[in-house]
Protein chains: 2
Amino acid sequence: MELGERKQRILTALIDVYVRTGEPVGSKVLVDMLDNAVSSATIRNEMAELAAMGYLEQPHTSAGRIPTAAAFRLYIDSLMDRRALSEDDRREIDTQLKRAAGDPEKLVEEASNVLAETTGCAAVTTTPSSYAADIRRIEVLRVSRYSAALLLMTGSGMLRTRVCRFDSDIENEALETLSRALNEYFCGSLLSDIGLPQVQSLVTALGAYGLVCAPALTTFYQLVQESAELEISLKGQLNLLHHPDYDPVRARDLLTFLAQRDMLTRLLTAVPKGLRVVIGSESKRPELDGSSIIVTRYKLGGRPDGSIGIIGPLRMDYAFEIPRIEYFARSIGRIMDEIIGLDKNNPDDEE
Amino acid sequence: MELGERKQRILTALIDVYVRTGEPVGSKVLVDMLDNAVSSATIRNEMAELAAMGYLEQPHTSAGRIPTAAAFRLYIDSLMDRRALSEDDRREIDTQLKRAAGDPEKLVEEASNVLAETTGCAAVTTTPSSYAADIRRIEVLRVSRYSAALLLMTGSGMLRTRVCRFDSDIENEALETLSRALNEYFCGSLLSDIGLPQVQSLVTALGAYGLVCAPALTTFYQLVQESAELEISLKGQLNLLHHPDYDPVRARDLLTFLAQRDMLTRLLTAVPKGLRVVIGSESKRPELDGSSIIVTRYKLGGRPDGSIGIIGPLRMDYAFEIPRIEYFARSIGRIMDEIIGLDKNNPDDEE
DNA sequence: GTTAGCACTCTGGCACCTCGAGTGCTAACA
DNA sequence: TGTTAGCACTCGAGGTGCCAGAGTGCTAAC
């Protein structure tokens with residue numbers, strides 16, 4: 001059902017006002033918005049039709065209208081005028097992100113913080129998907145007589161350590177053999193390809209040291225699992241508690257829902273590739289009624305990788321926030337490539 | 001001003017009831033509590049005096065009385081009967097904590113989670129104070145042609161890494177020299193003793209490589225700073241939002257206050273040695289009115305080190321929660337000594 | 001198809017009332 | 001002197017009624 005041009009103008013104006021004020025919009029305000037081209041009665045007629053079409057609703061008879069999720073959907077898909085970020089805004093974002101550069105995980109976390117702060121919403125990000133990353137190097141470092149640290153370095157620039165305790169004192173020779181074997185077997189493997197059987201098969205390969213090194217192999221396996229796992233960071237939850245559009249109880253319930261990380265995972269990993277905006281009830285989760293999610297993916301080495309986005313009330317300045325999030329994603333991709341992307345072109349290990 | 005024996009009994013009974021119900025306690029209930037020994041009128045007289053002494057207050061004229069912060073203080077210091085944890089509770093705590101063992105920082109974090117969950121309050125912990133820890137070892141690991149990771153290992157069992165980018169390709173020789181110099185200069189030093197001047201002085205010591213290694217020195221300095229910093233973890237904030245004693249707005253404000261980590265730091269580091277209970281207004285922070293903090297320190301190698309505690313509403317079951325937190329602290333100390341404490345007695349490095 | 005005008009509806013705030021719980025006080029009692 | 005019974009009093013919670021204001025829907029005229 002195609003919307004007449006005037007209906008589109010009215011709907012757009014109404015959304016613009018609503019996004020600004022948060023109050024139901026009456027016909028009089030819209031007359032002004034449309035330069036007195038038509039009278040309030042005409043607007044009222046049009047609004048009644050828009051309401052019948054499911055684009056507007058009234059909290060009660062004598063209140064103005066507010067846009068429905070369907071209206072926001074239409075607005076985002078075809079009505080809105082994207083507002084580009086100013087040069088200043090971009091520079092600001094870039095500098096803030098670069099401050100955290102050095103380590104991909106820190107970068108993404110900092111992006112989350114900055115995004116939450118600038119939008120006043122909660123920000124979600126996933127770390128670069130190390131699932132498909134390859135192991136570059138494994139170090140075994142003695143900590144004490146009977147404990148050692150394993151260090152894992154991946155092609156995505158991630159470093160992880162984990163301490164392992166042996167059942168008794170362990171010889172240097174054993175640790176060196178372990179280190180050699182681990183590197184020999186697993187360097188170049190994808191994290192996702194390493195299963196328990198592969199790790200277990202090392203026990204025999206380690207010969208005389210197989211048994212004493214067993215705890216280290218378990219630790220190594222856990223380390224790989226943990227590293228392959230997608231990590232989700234959620235920042236700025238307090239923003240939601242302070243947001244005027246949420247009453248404290250709704251905000252609390254939303255936070256409780258978001259605290260179940262598997263829900264978040266599902267929401268984030270379902271993002272196909274480009275941008276995804278989930279508006280209120282579209283998510284089919286009652287807890288997300290009244291909230292919107294804007295997510296996009298950042299690229300790593302040119303390929304879509306982790307996700308970044310915000311969660312906030314239905315009433316968001318989509319025309320502004322969407323470009324902002326897209327810029328964040330681009331900026332993260334760019335900086336991350338600077339940190340590690342280039343390394344991909346020049347693999348260069350010592351061993 | 002000494003409290004008469006009957007007043008003590010009344011106050012104790014009142015607190016017990018109030019802690020259980022959360023409602024103002026009227027004279028009739030107390031008559032039952034005290035086995036009808038006296039009439040409600042007598043209780044009322046006593047309560048009026050207790051109120052005059054500042055131990056009780058009424059939300060309004062026709063309501064029962066609730067204990068003031070001063071009453072809780074008296075209760076904790078001299079009236080209450082500590083209730084010991086059951087054997088089952090202890091075992092439960094031990095197994096949950098041991099699951100996370102391996103790394104002191106993870107252990108403390110997990111303790112925070114478990115404590116928050118079992119008490120229904122927010123839990124705070126500080127990581128073992130690495131401030132006074134000594135550097136055991138520094139590793140320099142090449143990541144790419146022009147970047148390397150620095151790894152720092154301390155005597156408190158902490159491992160930290162940070163990636164550093166050089167201005168251009170860097171030779172193996174340079175990295176090796178850097179590694180040697182760092183270890184030579186800083187192994188055995190306390191983290192707190194390492195300042196910018198000391199690090200800078202390495203530039204000359206590195207000779208020909210001084211300049212190219214400069215970024216690594218900066219990174220090293222940051223790494224040391226970051227490692228020396230006390231880390232505070234706050235878990236279970238959502239519990240506070242759901243707690244019946246907080247209306248959502250107060251809970252929100254409390255969370256907002258707690259989010260300023262420097263405030264938390266001050267609260268936690270001020271704990272002298274044993275137990276510390278800060279009740280409501282005693283903290284002099286208006287945001288903490290209506291909330292109590294119970295903190296104690298866990299020991300590491302027999303010496304008081306980090307802190308662990310909970311933050312929750314004034315109305316807590318102190319007689320039960322205090323022993324619980326103390327048990328947590330003991331358990332952490334014990335497990336942590338198992339992980340690293342013993343190592344202190346057997347320092348044993350490869351180099 | 002558009003507009004002016006009017007009756008209608010609904011919310012939010014305010015005042016008012018009643019009920020129940022629990023107190024403070026007084027006078028009598030042991 | 002300390003304890004008790006009895007009663008008037010206070011206050012909050014919750015329900016009702018009323019009013020002003022905002023915005024609509026509808027009708028009839030343009």
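A note on names: the letters A, B, ... follow the listed sequences, proteins ahead of strands, and every chain is numbered from 1.
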Next item on the list: For side-chain contact (heavy atoms from CB on, under 4.5 Å), just list the numbers for A/Thr118 and A/Glu92, CA-CA rounded to whole Å, side-chain angles, deciding distance to a tenth of an Å, and then say yes or no.
Entry: CA-CA 11 Å; A/Thr118 54; A/Glu92 177 73 13; over 6 Å; no
Checklist line | Residues that B/Arg324 engages under salt bridge (Lys or Arg N to Asp or Glu O under 4.0 Å), provided they are two or more places apart | finding: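 Testing B/Arg324 for salt bridge (Lys or Arg N to Asp or Glu O under 4.0 Å), a comparison that skips the adjacent residues, returns B/Glu321.
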Counting only pairs under 3.5 Å, give me each side-chain donor-acceptor contact of residues 18-26 of chain A, with atom names and distances, residues two or more places apart or in other chains.
| from | atom 1 | to | atom 2 | distance (Å) |
| --- | --- | --- | --- | --- |
| A/Thr21 | OG1 | A/Val17 | O | 3.1 |
| A/Thr21 | OG1 | A/Glu23 | N | 3.1 |

Strand-adjacent residues in [range], judged by heavy atoms under 4.0 Å from DNA chain D:
range	answer
residues 13-24 of chain B	none
residues 32-41 of chain B	B/Val38, B/Ser39, B/Ala41
residues 57-72 of chain A	A/Gln58, A/Thr61, A/Ser62, A/Ala63, A/Gly64, A/Arg65

Note to self: For D/dT4 and B/Thr42 - does any side-chain N or O of the residue sit under 4.0 Å from the phosphate oxygens OP1/OP2?
What the structure shows: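 Checking B/Thr42 against D/dT4: at least one side-chain N or O falls below 4.0 Å of OP1 or OP2.
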Can you give me the closest heavy-atom contact between [X] and [Y], atom names plus distance?
X	Y	answer
B/Leu240	B/Ile311	CD2-O, 3.6 Å
B/Ser39	B/Val31	C-CG2, 3.9 Å
A/His243	A/Gly120	CD2-O, 3.9 Å

Note to self: Reading DNA chain C in the 5' to 3' direction, which nucleotide is the first one with an atom under 4.0 Å from a heavy atom of chain A, and which is the last?
What the structure shows: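 Reading along DNA chain C, I get C/dT2 to C/dT11.
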Notebook entry, point to check: Looking at residues at least two apart in the chain, or sitting in another chain, which of them share a side chain to side chain contact (heavy atoms under 4.5 Å, CB included) with A/Glu117?
Noted result: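 With neighbours one apart ignored, the set is empty.
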Margin query: Using the side chain to side chain contact (heavy atoms under 4.5 Å, CB included) criterion, which residues pair with A/Asp289? Sequence neighbours excluded.
Written below: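 In terms of side chain to side chain contact (heavy atoms under 4.5 Å, CB included), with neighbours along the sequence ignored, A/Asp289 is linked to A/Arg250, A/Ser281.
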Notebook entry, point to check: Do A/Ser40 and A/Arg44 pass the side-chain hydrogen bond (donor to acceptor under 3.5 Å, both in side chains) test, and can you show the C-alpha distance, the side-chain angles, and the key distance before you say yes or no?
Noted result: CA-CA 6 Å; A/Ser40 71; A/Arg44 280 204 294 280; 3.3 Å; yes
Item checked: Residues A/Leu241, B/Leu241; criterion side-chain contact (heavy atoms from CB on, under 4.5 Å); working and verdict -> CA-CA 10 Å; A/Leu241 283 174; B/Leu241 284 174; 4.1 Å; yes
Next item on the list: For B/Arg44 and D/dT10, give me the distance from atom CZ to atom C1', rounded to whole Å.
Entry: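 So the CZ-C1' distance, B/Arg44 to D/dT10, works out to 14 Å.
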Item checked: A/Lys28 NZ to D/dG21 P, straight-line distance once rounded to whole Å ->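 Going from NZ in A/Lys28 over to P in D/dG21 covers 13 Å.
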Summary of salt bridge (charged side-chain N to carboxylate O under 4.0 Å, His left out) pairs that have at least one residue in [range], sequence neighbours excluded:
range	answer
residues 68-82 of chain B	B/Arg73-B/Asp77, B/Arg73-B/Glu282, B/Arg82-B/Glu326
residues 251-262 of chain A	none
residues 49-63 of chain A	A/Lys7-A/Glu49

Item checked: Candidates A/Leu56, A/Thr42, A/Ile15, A/Ile43 - the one meeting side-chain contact (heavy atoms from CB on, under 4.5 Å) with A/Ile10 ->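 Exactly one option meets the side-chain contact (heavy atoms from CB on, under 4.5 Å) with A/Ile10, and it is A/Ile43.
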Next item on the list: Quick one: stems involving DNA chain D, counted as three or more successive Watson-Crick or G-U pairs, both distances short of 3.5 Å.
Entry: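 If one scans DNA chain D for consecutive Watson-Crick or G-U pairs, the stems found are C:1-30 with D:1-30.
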Margin query: One pair to check against ring-ring contact (aromatic ring centres under 6.0 Å, His included): B/Tyr75 and B/Tyr318. What are the steps and the verdict?
Written below: CA-CA 9 Å; B/Tyr75 177 75; B/Tyr318 297 95; 7.0 Å; no
